Structure formats: structure tokens, C-alpha cells
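Have a look at the structure below, then the notes.
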Amino acid sequence: EKGGYKHFMLKEIFEQPRAVRDTLAGRLREEEGDVYLEDLHLSDEQLQGIDRVTIIACGTSWHAALVGKFLIEEHCRVPVEVDIASEFRYRNPVIDEKSLVMLISQSGETADTLAAMREAKRRGAKCVAICNVVDSSIAREADGVVYTHAGPEIGVASTKAFVTQLIALYLFTIRLGRSRGMMTVDAGRALIAAVVRVPALMEEALKLNEQVEKLARNYLQARDFLYLGRGMNYPIALEGALKLKEISYIHAEGYPAGEMKHGPIALIDEHMPVVVLVPQGANYEKVFSNMEEVIARGGRVIAVCSQGDSEVASKAEVALEIPTDGEEVAPIILSIPMQLLAYHVAVLKGTDVDQPRNLAKSVTVE
Ligand code: M6R
């Protein structure tokens with residue numbers, strides 16, 4: 001049942017190109033630069049009528065939400081707020097009939113997310129869910145659903161569910177942008193073209209597996225890790241840190257690279273590996289100089305950069321080179337080395353990768 005892989009998690013990591021193809025299947029209207037989301041149940045008029053989006057989730061799904069904020073604000077120019085479900089439901093959120101509330105949940109059974117949705121509905125918001133499990137509680141109670149179609153995810157550490165949530169967010173962004181007239185046909189086509197290339201880019205990124213397996217043993221003694229990224233890739237730093245914490249039990253923190261100078265830089269020494277997400281793109285120079293600051297203080301840098309970036313490779317202790325075919329989908333491709341690093345460190349530490357201590361696949365308690 002693990003298809004020849006040692007753990008479900010590794011199987012699920014390698015399944016990702018297929019999972020993404022399934023998320024996209026039947027939904028692309030490439031000519032029109034638009035997408036068809038069969039269970040969204042929101043008309044163009046309804047999408048035009050909203051004045052804000054609030055995305056609510058927990059854990060890894062919350063990291064996907066943070067990427068969603070970037071995508072929607074960038075392409076649709078609608079203000080997006082992102083909230084952790086257990087925070088949202090215990091305050092007095094500004095939500096009304098003009099709000100669109102999006103819930104992201106792999107299982108569709110997370111108690112806090114479900115309760116947050118009920119609260120949002122009570123306040124009159126339209127609720128759309130991004131779920132993996134068909135007919136789950138959240139999917140059933142939402143006004144509309146975008147299923148991720150990743151297939152069953154057995155490993156407690158979310159991998160393929162996360163990347164397909166990201167794909168679902170790109171698709172939703174296209175739909176929202178097109179329906180509100182904020183995205184041109186050409187812009188829609190360009191974003192579709194970018195997501196269509198994702199499975200092939202992922203196949204390429206998965207070739208890092210051997211390199212990551214070999215280098216993992218150099219980091220087993222670390223007590224703490226820092227993960228740095230900026231912009232759309234900052235949530236991937238958070239996700240990389242969460243993966244490592246969950247399965248290897250090494251303490252890790254994700255930080256926006258620009259925040260380092262406001263505190264965490266004090267932690268840097270030769271004992272703390274720092275994972276720096278520095279692909280080509282808008283924030284490249286800024287992150288590059290953040291990386292240099294880490295190196296200048298004796299930090300050990302594991303850089304994740306674009307293929308052929310010899311400048312980064314010559315500075316970092318390790319460079320993991322990913323194919324970046326434009327920066328638009330970088331968060332998705334960067335997720336792969338994050339998953340592989342956490343996985344191999346954990347395997348070498350001998351932890352129970354698929355069933356880490358104290359954790360459940362779906363958290364149905366509040
Ligand atoms: O099923 P959900 O997406 O609602 O689950 C949310 C979190 O419990 C989940 O993402 C958790 O953080 C994972 N173990 C992450 O790997």
C-alpha cells in the first residue's frame with residue numbers, strides 16, 4: 001500500500017505531480033483565460049458583490065491561506081485577511097454579507113475551522129471551502145467547495161494536500177479576478193500556463209531527493225533551525241519549519257527574512273542551520289543580502305535557489321537548486337525541498353514519520 005516507499009509521507013511527496021494534475025483536470029478554460037470550478041456555486045454577480053475575503057484555516061492549511069492572500073490581493077485587488085481558526089472564532093471579527101469567507105481544510109473535519117465557518121455564516125458571509133475529503137463536514141456545510149482531489153493523505157504531515165490547496169488557490173484567484181474584471185484574458189491565460197507547468201517542474205524538483213538524503217545527516221545534531229523567506233515564499237518558510245518540527249522534533253522557526261534584524265539575528269551561530277529561500281524573482285536581491293548577513297555571523301546556510309545560481313551556490317554551505325520557470329509558482333516548487341529535508345532528517349533520527357507523537361491526522365477537538 002506504500003507503493004514500494006518506506007513511508008506514506010515519501011509516497012505522498014512523490015505523488016504530488018499526479019495530485020496537481022488531478023486538481024487541474026477538467027477545470028481549465030485556456031482560451032478564455034478562465035477556469036471552471038464545478039462546485040463553487042458563486043455567480044459572477046456574487047463574486048462582484050464582495051468587498052473583502054477572509055481566509056481561515058489551521059496549521060499547514062493556514063500556510064496555504066497566507067499564499068492565497070498574496071495571490072488574491074495581487075491579481076484581484078480585493079483586501080484579504082488571513083486568520084487562524086481558533087483565533088477567529090473567539091474574537092469579534094468584522095464579517096458581514098459582503099464578506100467572502102474561505103475555509104481551507106484537508107480533512108474538512110477540523111473542529112476549530114468548522115466552528116469558525118458556522119460563526120461566519122451566522123454573520124451573513126458566503127462561505128467557500130477548499131477541502132480534500134469529499135463530503136466532509138466543512139465541505140457539506142459550505143455554500144461552495146473547491147475540492148483539491150489530492151487523493152487520501154495518510155501521513156500526518158501534510159504534503160500533497162498542501163500543494164494542491166495552493167493550486168486550488170491559484171484557480172480560485174483566476175476565477176475571482178476574471179469575474180470582477182480585474183484580470184485580463186491574457187493575464188488569466190498566463191497564470192493558467194504557469195500552473196500547467198507545475199507538475200513537470202515538480203518532477204524536476206523531486207530529483208533533489210538523493211542530494212537531500214545525503215546532506216540530512218549533517219544536520220541531525222541541530223537543536224534549532226531557522227527558515228527565512230520573503231513575499232509569497234515567506235509562508236513556505238513557515239511550512240518548512242512546521243514540517244521539520246512535526247516529524248523530527250527539532251525546534252524550527254520560520255521568519256520573514258526582513259524581520260531577522262529585529263530580533264532573531266541574535267540567535268545565529270555556527271550551531272544553527274538557516275534555510276534561506278532565495279529563488280530568482282522580485283525579492284531576490286533582498287533575500288540574498290539577508291543570506292549574506294547570516295553567513296557573516298557564522299550561520300550555516302542551506303539555500304534553496306534557482307537552478308544555475310552560482311552566486312548563491314558559492315556562498316551557502318549547501319545549495320538546493322530548483323527549476324524556477326518564472327516566479328509565479330515558486331511557492332509550490334519550493335515546498336518540495338522543504339518536505340524532503342524534514343523527511344530525511346526525521347528518518348535518520350528514527351522518529352515515526354507517518355505518525356508523529358502527540359499528533360492526529362484530523363484535529364476534531366477544540
Ligand atoms: O485537515 P486540516 O487541513 O484542517 O488540518 C489542519 C492542521 O491540523 C494540519 O494542517 C496540521 O498542521 C498538519 N499536521 C500539518 O502537517
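Atoms within each ligand, like the ligands themselves, are counted from 1 in listed order. Predicted model only: the values in this text are computed from it and were never measured.
Proximity annotation for atom 6 (C) of ligand 1: of A111, C58, A85, G59, C58 comes nearest, heavy atoms only. Taking each of I130, L103, T110, T159 in turn, the one with a heavy atom nearest to atom 4 (O) of ligand 1 proves to be T110.
Short contacts between ligand 1 and A157, defined as distances under 4.0 Å to a heavy atom of the residue, involve ligand atoms 16 (O). Those atoms of ligand 1 with a heavy atom of S158 less than 4.0 angstrom away are 15 (C), 16 (O). Atoms of ligand 1 found under 4.0 Å from any heavy atom of S105, numbered from 1 in the order shown, are 1 (O), 2 (P), 3 (O), 4 (O). Those atoms of ligand 1 with a heavy atom of E246 less than 4.0 angstrom away are 13 (C), 14 (N), 15 (C), 16 (O).
Under the 4.0 angstrom criterion for non-hydrogen atoms, V156 is in contact with ligand 1.
Considering backbone and side-chain atoms together, S362 places no N or O closer than 3.5 Å to any N or O of ligand 1. Between Q106 and ligand 1, a contact under 3.5 Å exists for at least one N or O pair. The shortest N/O to N/O separation between Q165 and ligand 1 does not fall below 3.5 Å. Geometrically, ligand 1 and S107 share a nitrogen or oxygen pair separated by less than 3.5 Å. Not a single N or O atom of V363, backbone or side chain, sits closer than 3.5 Å to an N or O atom of ligand 1.
Closest to atom 10 (O) of ligand 1 among all protein heavy atoms lies T60 N, 3.1 Å.
No path of Ile, Leu, Val, Met, Phe, Trp and Tyr side chains, each step under 4.5 Å between heavy atoms, connects I55 with L242, placing them in separate hydrophobic clusters. The hydrophobic clustering, which links ILVMFWY residues whose side-chain heavy atoms are closer than 4.5 Å, places L215 and I247 together. Residues V318 and V278 are members of separate hydrophobic clusters, defined by side-chain heavy-atom contacts under 4.5 angstrom among Ile, Leu, Val, Met, Phe, Trp and Tyr. Clustering ILVMFWY residues whenever any of their side-chain heavy atoms sit less than 4.5 angstrom apart, transitively, puts I13 in the very cluster that holds V353. Linking Ile, Leu, Val, Met, Phe, Trp and Tyr residues whenever their side-chain heavy atoms come within less than 4.5 Å places M338 and L348 in a single cluster.
The two residues K315 and I295 have their closest heavy-atom pair at O-CD1, 3.4 Å. For the residue pair R297 and E293, the shortest heavy atom distance occurs at NH1-O, 2.9 Å. Counting all heavy atoms, side chain and backbone alike, V363 lies closest to A360 at CG2-O, 4.2 Å.
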From CA spacing to verdict: salt bridge (charged side-chain N to carboxylate O under 4.0 Å, His left out), E119, R89: CA-CA 7 Å; E119 178 60 28; R89 51 180 297 214; over 6 Å; no
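With a heavy-atom cut-off of 4.0 Å, K243 touches ligand 1 through its side chain alone.
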